[in-house]
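Start at 1 with the first residue, then count along the sequence. Each ligand, and each atom within it, is numbered from 1 in the order the structure gives.
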Amino acid sequence: MSLPSHHPFTLEYTSNPQPVFADIHTDNRFLPLEDLGAVAVHGYDAVRAFCDHPLMTRNFAESGVVDKQAMAERAERWPTLENSLSTGEGEETKRANLLRVLLAQDFRPRMIRKMATTVSEVVSKVCAPLRSESDVDVVKVVQEVPLIVISTLLGIDETTKDAELFLSAGPSYFRGINPIASDSDRDKAEVAAVTMIDILGRTVENRRSNPQNDLVSQVVEIADNRGDVDPMDVVRAVVILVAAGTDTTRLTSSLAIRTLLDNPEAMEAMREDRSLVKNGMMELLRYESPTKYLVRVATQDVEFEGQTVPKGSLVLLSIMGAGWDPRVFPSPETFDPQRDLRGSLSFGFGSGYCLGSHLARLQVTTLVDFVLDHLPSTATIDRSQTTWDAGNLMLREITSMPMHIR
Ligand code: HEM
């Protein structure tokens, strides 16, 4: 059976959702996706309201709408994965709060600015092929940046086998945590969860007796001082952090390079006037978001401006759809680095707002500056050879993006 073009698992919607947005934005209707038990939402006002809605939750297990038997079966088949997500009532909220308390210190803008030199060195080293080679796969080149930045931050030596295993596990884990992930994605995520928890658990133990100047040591110290924190919660919190911070940055960076090359005038304007890069980076995120959908579950019927999301539905929130809503961002098809982006939802909204937004901005602006310094606007992306994995519900997963630099 062929899927309609607005279905999240089509190549069409994954790679080029703009025509679907244009159609939906005529009346901002919700799209029922019966095969997924889901409702997809693309209008700015509804996406913003549902990001942090009291009758919606980010945790499937705790939504109260899921069959207990099915949850028990999942816990038996994927014990580490399920345990890493939730172990009982209120755990999701407890862990989210813990993550924020423990990590907020290190993710404040002042702390992140201190990383500017490190990030700049990583970008220069990793992205060197963009200035020295004539044919490169953009995705493969830029993916190393968030991996190395995060391992440096955590204090995991990037040259060790542990680092390689740990960091490659992040994306598999992230892919398996959505409520309707396939069994095979869950199998991979279970292996990834075991790997990450094992390595991080050892790192936590090591830093207890041998503190270093890294994130894990600081988190362990705060947790020990508080006295009420299970070290495993620290481990789980950091696992989520790694999962949330690598793929999003990799995909944003790849899409940003493509958008710049597709818009040579805007690229030249940014090259000439670097003060445009800060806002231009947010415009890059609006124009091509790495996020396909944020996922919620409706715990009750939710009414919104004459439409209803039925209790028990998965609610799929399109951040990119919201960024293309012409009521809020006029002429959304125009890439304008000077656009007024107040109200942008690119990093979420409300209590779940991206914890790593300052680090993400630092990495992407550093990469954009590097591209403006070194990449000629005659470089071209080979769209016919660009490949996507449409089966990812949460991310717009580009797997390969060849670029020719002449
Ligand atoms: C350009 C890159 C990034 C984008 C576009 C992005 C976007 C987002 C969005 C939209 C959310 C909200 C999710 C929701 O409400 O369901 C989020 C949450 C989150 N992000 Fe990011 N993110 C990026 C990079 C990062 C980085 C680098 C880190 C950390 C190293 C990070 C850590 C997190 C965490 C931990 C959360 C969950 C916060 C919570 O649940 O309390 N993100 N991100």
What atoms in ligand 1 come closer than 4.0 Å to a heavy atom of G352?
12 (C), 18 (C), 38 (C)
Whether D187 and R77 form a salt bridge (side-chain N of Lys/Arg under 4.0 Å from carboxylate O of Asp/Glu) is what I want to check.
yes
Between V364, T248, L215, which one has a non-hydrogen atom sitting closest to atom 3 (C) of ligand 1?
T248
Contact check, R361 vs ligand 1, heavy-atom distance below 4.0 Å
no
Are a donor atom and an acceptor atom from the side chains of D336 and T334 found within less than 3.5 Å of each other?
no
What part of S357, side chain from CB on, backbone N/CA/C/O, both or neither, has a heavy atom under 4.0 Å from ligand 1?
neither
Should one rank F347, F50, Y293, F349 by closest heavy-atom distance to atom 11 (C) of ligand 1, which comes out on top?
F347
Please state whether I319 comes within less than 4.0 angstrom of ligand 1, counting heavy atoms only.
no
Within a distance under 4.0 Å of any heavy atom of R296, pick out the atoms of ligand 1 and give their elements.
14 (C), 15 (O), 16 (O)
Quick one: does S346 get a heavy atom under 4.0 Å from ligand 1?
yes
Report the C-alpha distance between R339 and F329 in whole Å, list the side-chain angles of each, state the deciding distance to 0.1 Å, and finish with yes or no for side-chain contact (heavy atoms from CB on, under 4.5 Å).
CA-CA 8 Å; R339 180 187 287 279; F329 301 106; 3.8 Å; yes
For a side chain to side chain contact (heavy atoms under 4.5 Å, CB included) with V138, tell me which candidate from I257, I398, T386 qualifies.
I257
Under 4.0 Å to a heavy atom of G348 - the qualifying atoms of ligand 1, by number
10 (C)
Is the ring centre of W324 less than 6.0 Å from the ring centre of Y44?
no
Would a line drawn from the ring center of H6 to the ring center of Y13 be shorter than 6.0 Å?
no
Aromatic ring pairing F50/H53, orientation class (parallel under 30°, perpendicular over 60°, tilted between)
perpendicular
Regarding ligand 1, does Q363 bring an N or O atom to under 3.5 Å of one of the ligand's N or O atoms?
no
Only heavy atoms of P290, strictly under 4.0 Å: list the atoms of ligand 1 that pass.
5 (C)
